Amino acid sequence: MSYSSVVLAKIQTGTPPAMPEPSEILQGTLDMLVLRTLALGPMHGLGVSDRIRQITRGVFVVKPGSLFPALYRLEQNGWIKGHWGESENNRKAKYYTLTPSGRAQLTKEKRKWNKAFSAVNRLLEGEF
Amino acid sequence: MWWFRARRLQQERAAEIEACRAMLVDRYIECGLSREEALRTARLELEEPLTEQTRVEHTMRPSMRNTIESSLQDARYAGRALRKSPAFTAIAVLTLALGIGVNTAIFSVVYAVLLRPLPYNHPEQLAFIWSSFKSASSRAPTSGPALYEIQHRSRLAQDIAAIWVGTGTFTGDVNPEQVKVAFVTTNFLQMLGTRPALGRVFRPDEQFNGPPAIVLSYGLWQRRFGGDPSIVGKGVAFQGESATVLGVLPQDFQLYFPQDSNVPPEIGVFFPFQNWLYQRPRTLYFLRVLARLKPGVSVDQAQADMNQVANQMRGAYTEFANENLKLEVAPMQRDVVRDLRTPLIALFAGSGFVLLICSVNIANLLLARANDRRQEIAVRCALGASQGRILRQLFLEGLLLCALAGATGVALGWAALRGLLTIRPDYLARMPHVELNWPVLAFVAAVSLACALVFGLAPSFESAKSDLIGTLREAGRSSQTPARRGVSALLIVGEITLGFVLVIGAGLMIRTLTKIQQVNPGFDAQRLMTFELDLNKFDPPDRINFVRDWESKLATLPGVDAVGGVSHLPLDDYSNWYSPYRPEGVAQSAATTLADYRAITPGYLRAMGTRLLEGRLFDDRDRAETQQVVLVDDMLAHSAWPGESAVGKKIETEHFTQKGVIPVWAEVVGVVEHVHNHSLSKRLRAEVYIPFTQTPREHMTFAVRTRMDPSALAGTIRQELQKRDKDLALSKLRPMTTYVERASAPVRFTAVLAGIFAALALLLAAIGIYGVISYSVSRRMHEMGVRMALGATSSDVLRLVMREGLVLTSIGMLLGTVGALFVSRALEGLLYGISAVDPVSYAIAIPVIALAAVLGCWRPAAKAASANPVDALRM
């Protein structure tokens, strides 16, 4: 997708939402986080957001303004699939499931991330 | 369809956000917030996705969505780019609109006259059948018996009809009115496929015994009979008797006949020929023949068929054999406009040249602009724009420009067409539906699109292959690349070439017009009033008496110098009278020769100012019962009796006597100069004049030579006629100059338009040169400064720049001369009195073009010469 390299998603980091410390992380990262979360099982949007905060121990807080577009985009690409269901407290909610192609994409993203991550780490910690 | 899906998706997304909000509210309440606070917090949190992100973006297939979205983006960008340089946009749009406008107007005429099918049933099957004789220089009509032969011998025609147009008079309660009467064979109207507005038309093979039956035109029915819906079956007073109205033609019915057929477009009454038509003399040629060919018969096949018919007719009758009768098939659609085809195509080509010159100017502008934008484009490339994207963007800019120009051009064209129609000659009046219609608009759209393709793509190929790094490095100090300067130079040369050809073409047409206006037509049209009377109601002796008294009355009117009457006025479109003549001593079996016949009163030639070359004019001694006499023109005298005096010779001519139309031996009493009866530019046929007393024709046109403005006499003439006889129809009361102007109108039309095109071409060429040279100068101010710093004087610089422009101009003129030679060959048929390589036209065109070029170069050259070396070096 041509815009993926240009358009940057805003994700706020830091535990207290009152003290935002914005940093721009490539959108691919958010996509990867969402895919990874959904790999745990079907969940609705708010659930995804909760789970990301929970797993990253509050490092990443994904606001709905970023989350929903990401969900739409992933669904558009066929990586996740939405269906309506009931929430824990009997509310209507749209649940998303990872599709096989989404699982493949997650693997790809993970590999990419690991590669980039280790490269950056080597750069930061290595000897010149 | 994707927008339905989009709508559903949008609804679903809104529902999802709503569900999310509900859950958030639940959660906040659980945390101990009040309901209001919970609602507010949830709303704040969801505000962003609700306003911004629920908009449906991803609903189309991504590739298609991308294309459309980025195209829209490009279009917006193109619009911004054009808005950002309003001067460029305005000049480009106006220039192109000018070219398109001129073409719109001319194409409207070309379409209406040359391309639109005639409004008859299966017009492609209709064809004229013209006769040609050994003696006649031009094609001729046919006679009643010959028509019969053609009808019965042809195998490939479904139907063959004939027409002859004369005049007739309506009498009765209202004022007498003279109208054009078409005498037609009974199958004529049905063959064209005419559906009457009222009643019916004649049936083929219908015979009318008793009162004559007529079919009225819509216009006449409205005007004279007030659109009376019950007129069918009624009797109306026509030609002194009661004629039964059979039907009324539809409002849009019109006859489209070639100019030389003497069949005008507006006919008041259709009158059926009866069987007597076939008993008329075999050599009285007056019928214009129209055939409907069988479906699928080609012109060649029809011609072969007619060749065979002519062959059989020559075998069967000595008259046809002597005259070596031939029959010629001419498809109606083409033949109707045969005189218009060449001038219109020439004008169309001229307007095409104007458009080309406009295009060249715009190409130059765009090249300069592309040059200026190399920096911008290089930056866009560097930021990752693909070549395709940049090409598309430049093309869209061209398209936008051409669309604007096309719209403006149509408006200009519409205005130009209004102007054109006010100066249109009669021959265009025959084609009433000259208008902006769908075919014309389609043409404009096609032209605009073609321009967009050329302008959008040509410079963009240049730009797209430009050297990225080099351009970025140049950073604002860019000068023209040699290649681009070469292209500009080529465009200038092309522009001058086209302009030169146009100026030569216009020069030839204007010179032809002046030559035609200088022609001595054999009469003096100034201060001459003319009008026609229908004398049908008188018996021949009464008619002669009436005319004598009437003329002597007219002669006594104040300001009147001379008065005369003629059966057929020169340059009138009234049906011609021309017949064979035979000088004494020529065997009857020898080939006949044809002459125009005119019955005149004694004062006529003097009133017209036609010079007597030998012998005498007619006078009161020439009466019905005296020796038959004629006057002939010098053309006849020279061909019949070369080197001898014609006076006193005998000649067999055709007279309208009480015994009918018969050949009579007459004595030549005088020779007069030739009169241009049909065309200012051509001497068509020899002429024979017969005294009115010896051939009292039914329609006479009177010519009144005045000492003042002839139009001032119109009222007096009407009053005098009213006093004398209330039943006489007077028509065509107009000065003789009207006829002369009408005869030169087609040439004037062509000359005026060609002149306008040439002027436009000159102006555009001068602007084009100015644009290119001044652009090149602005790019080279630095160079000029350096030159001057190194010791060049400002006149050196002036010369340098002027030379650049003038060398290109000279090359253009050289090429233009070659082009003009070809073009003038094509125009040859339109010229009169000058050769196709008219030296005067060239002698005028060369300095005019050079002057335009000098004017175009002067300002930029002066600007270059004023370059300040210090400024230039500091730059």
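For the numbers below, each heavy atom of this structure counts, side chains included, while hydrogens, waters and symmetry mates do not. Just so we're clear, the structure is a prediction, and the values are computed from it rather than from any experiment.
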Q. At their closest point, which heavy atom of B:A19 faces which heavy atom of A:A93, and how far apart are they?
A.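 B:A19 and A:A93 have their closest heavy atoms at CB-CA, 4.3 Å.
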**Q.** Minimum heavy-atom distance between A:W84 and B:A15, given as atom pair plus value
**A.**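 That closest heavy-atom pairing would be CH2-C, 3.7 Å.
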Q. Would you call A:K92 and B:E18 a salt bridge, taking side-chain N to carboxylate O under 4.0 Å as the test?
A.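 No, A:K92 and B:E18 are not salt-bridged.
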Are any non-hydrogen side-chain atoms of [X] and [Y] less than 4.5 angstrom apart?
{"X": "A:D50", "Y": "B:R27", "answer": "yes"}
{"X": "A:H44", "Y": "B:E16", "answer": "no"}
{"X": "B:R13", "Y": "A:Y72", "answer": "yes"}

